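Heads up: the structure comes next, in structure tokens.
We count residues from 1, following the sequence as given. Since this is a predicted model, take the numbers as computed values, not measurements.
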Amino acid sequence: MTIAAENFEQAKNLIDRGVAADNSQPRGDAYLVITGNKARDTRAGVFEATQDAFGYRLNTYIVNATGIQAKDNVMFYFTGTISVPYLDSLTFLPGAIGDHLTSHGGRLTGSNQMNAIEWLKAGATGSYGTVVEPCNFPQKFPNPKILLEHYLNGDTLVEAYWKSVVWPGQGIFIGEPLSAPYARDKIDG
């Protein structure tokens with residue numbers, strides 16, 4: 001996982017968000033967005049199972065729209081689109097994750113599509129994107145259900161993200177790798 005940023009201040013803010021998240025047990029909201037773009041909505045098939053599995057721990061919304069806007073408690077945001085609208089209107093909680101299924105989200109420079117750093121600049125603590133045209137096989141992108149399962153059970157950001165992508169060879173994980181908002185203090189016994 002790479003600490004990706006456009007400058008030192010952004011990198012420091014990212015790390016600070018990750019540290020602030022540790023053991024915080026946030027009850028943020030999860031947004032699973034279906035944009036209507038069939039090629040980029042390939043993860044939508046797991047959205048209902050994700051909502052069913054974790055709705056008791058956090059508010060989980062399946063949204064049919066181009067994007068969400070004016071939300072102030074965002075912990076998870078998964079979508080498929082070339083460019084995610086309204087990111088500047090959202091407030092991400094420390095430790096939050098956001099990613100979009102597109103061809104070149106992991107190209108951190110020189111892409112005609114939104115790169116994953118935009119999630120971090122908007123306040124998310126972690127993201128993922130592919131660096132070459134991957135084809136839209138769901139195995140090449142984070143599975144929200146698996147990611148939430150591991151993150152909500154205390155794994156670090158990097159552990160949860162890595163477990164959620166079956167074929168990670170064409171992508172890059174970015175963010176503060178040790179962020180662990182749902183970790184529980186271990187009691188020595």
So do the side chains of [X] and [Y] get within less than 4.5 Å of each other, counting heavy atoms only?
{"X": "F141", "Y": "P134", "result": "yes"}
{"X": "Q170", "Y": "F137", "result": "no"}
{"X": "R43", "Y": "L32", "result": "no"}
{"X": "L58", "Y": "L152", "result": "yes"}
{"X": "Y86", "Y": "I68", "result": "no"}
{"X": "Y161", "Y": "I97", "result": "yes"}
{"X": "L90", "Y": "Y77", "result": "yes"}
{"X": "Y128", "Y": "T130", "result": "yes"}

Less than 3.5 Å apart, any donor N or O on the side chain of [X] or [Y] sitting next to an acceptor on the other?
{"X": "T109", "Y": "N115", "answer": "no"}
{"X": "E133", "Y": "S103", "answer": "yes"}
{"X": "H100", "Y": "W119", "answer": "yes"}

Requested in this report: State plainly whether the residues D29 and K71 are in salt-bridge range, i.e. N to O under 4.0 Å.
Outcome: no
Query raised in the report: Should the pair K121-E118 be classified as a salt bridge under the 4.0 Å nitrogen-to-oxygen rule?
Result: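 Yes, charged N to carboxylate O under 4.0 Å.
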Report task. Specify the closest pair of heavy atoms between N153 and R57, including all atoms of both residues, with the distance to one decimal. Result ->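 Minimum heavy-atom separation between N153 and R57: OD1-NH1, 3.9 Å.
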Query raised in the report: How close do T125 and L157 get, heavy atom to heavy atom, and via which atoms?
Result: O-CD2, 3.5 Å
Any donor-acceptor N/O pair, [X] side chain to [Y] backbone, under 3.5 Å:
{"X": "Q51", "Y": "T60", "result": "yes"}
{"X": "E149", "Y": "P144", "result": "no"}
{"X": "T2", "Y": "A4", "result": "no"}
{"X": "N143", "Y": "I146", "result": "yes"}

Requested in this report: Tell me, please, which residues at least two apart from F47 pass ring pair (Phe, Tyr, Trp, His ring centres under 6.0 Å).
Outcome: none
Query raised in the report: What pairs with F92 under ring pair (Phe, Tyr, Trp, His ring centres under 6.0 Å), at least two apart in sequence or on another chain?
Result: none
**Report entry** Atom CD of E48 with >12 non-hydrogen neighbours under 6.0 angstrom
**Finding:** no
Query raised in the report: Listed by chain and number, what are the side-chain hydrogen bond (donor to acceptor under 3.5 Å, both in side chains) partners of E159, not counting sequence neighbours?
Result: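 Partners of E159 under the side-chain hydrogen bond (donor to acceptor under 3.5 Å, both in side chains) test: T156.
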**Report entry** Straight-line distance of L87 CG to Q69 CD, nearest 0.5 Å
**Finding:**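 Here the interatomic distance stands at 11.5 Å.
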Query - Distance (rounded to the nearest 0.5 Å) between I117 CD1 and Q10 CD - result: 7.5 Å
Query raised in the report: Pick one: which of T81, T35, T102, T79 meets side chain to side chain donor-acceptor pair (under 3.5 Å) with R40?
Result: T102
Requested in this report: Find out if a path of hydrophobic residues (ILVMFWY) with successive side-chain heavy-atom gaps under 4.5 Å connects L93 to V19.
Outcome: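 L93 and V19: separate clusters.
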**Report entry** Sole candidate of Y31, Y151, F54 that passes side chain to side chain contact (heavy atoms under 4.5 Å, CB included) when paired with F76
**Finding:**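 Exactly one pass, corresponding to Y151.
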